[in-house]
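Here is the structure we will look at.
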Amino acid sequence: MVRKGFKMFLNQGMAEEYERRHLALWPKMKEMIHEYGGRNYSIFLDRETNVLYGYLEVEDEKIWAESADTEINRKWWDYMADIMETNPDNSPVCIDLQPVFYLE
């Protein structure tokens, strides 16, 4: 399992909407995450900075990277684009975090 940490950026005043949308995560999106090897996916919000911190375990980084090109993932990106910082293709601006400590 590969452990991945990353950060994204939520627009001001969108915390409740972000949480609402994720509490109602589409079943097809959940299926796609699992199909492409994603497990133990968590997202945390720092309300003072509007920075989202994500943690995800994937079986294979190459297979996980392919999930970005799925129709359901592109649809999710489009759905979320109005409440967070995005790239021109509506993918979230996402910065990988460097692991520095792990204890099992």
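By the 4.5 Å heavy-atom criterion applied to side chains, Leu52 and Lys7 are not counted as neighbours. The side-chain heavy atoms of His22 and Met29, taken from C-beta on, include no pair separated by under 4.5 Å. Val93 has its side chain within reach of Asn87: a pair of non-hydrogen atoms, C-beta onward, lies under 4.5 Å apart. Looking at heavy atoms from C-beta onward, Met32 lies out of side-chain contact with Trp76 at the 4.5 angstrom threshold. Residues Thr86 and Trp77 fail the side-chain proximity criterion, which asks for heavy atoms closer than 4.5 Å. Looking at heavy atoms from C-beta onward, Asn50 lies out of side-chain contact with Met84 at the 4.5 angstrom threshold. By the 4.5 Å heavy-atom criterion applied to side chains, Tyr18 and Met8 are counted as neighbours. Annotation: side chain of Asn73 is not in contact with side chain of Tyr36 (no heavy-atom distance under 4.5 Å).
Taking the six-membered ring where tryptophan is involved, the planes of Phe6 and Tyr41 are perpendicular, since the angle between them exceeds 60° and thus also 30°.
Residues Phe44 and Ser42 come closest through the heavy atom pair CE1-CB, 3.6 Å. Taking all atoms of both residues into account, the shortest heavy-atom contact from Leu45 to Ala15 is CD2-CB, 3.5 Å.
Under the 3.5 Å distance criterion, the side-chain polar atoms of Asp60 are matched with a main-chain donor or acceptor of Ile63. Judged by distance alone, the side chain of Arg39 and the main-chain N or O of His34 form a donor-acceptor pair under 3.5 Å.
One finds the OH atom of Tyr55 at 14.0 Å from the CD1 atom of Ile43 (value rounded to the nearest 0.5 Å). Here NZ of Lys30 is found 5.5 Å from CG of Leu25. Values are rounded to the nearest 0.5 Å.
No single ILVMFWY cluster, assembled from side-chain heavy atoms under 4.5 Å apart, contains both Ile33 and Tyr53. Under the 4.5 Å side-chain heavy-atom criterion for grouping Ile, Leu, Val, Met, Phe, Trp and Tyr, Ile95 is connected to Val51 within one hydrophobic cluster. Leu56 is not connected to Leu97 by any chain of hydrophobic side-chain contacts under 4.5 Å among Ile, Leu, Val, Met, Phe, Trp and Tyr, and they are in different clusters.
Look at Arg20 and Glu16 and you find no salt bridge, because none of the NZ, NE, NH1 or NH2 atoms lies under 4.0 Å from a carboxylate O. A salt bridge links Arg21 with Asp82: the closest approach of a Lys/Arg side-chain nitrogen to an acidic carboxylate oxygen falls below 4.0 angstrom.
More than 12 heavy-atom neighbours from other residues, nucleotides or ligands sit within 6.0 angstrom of CD on Glu66.
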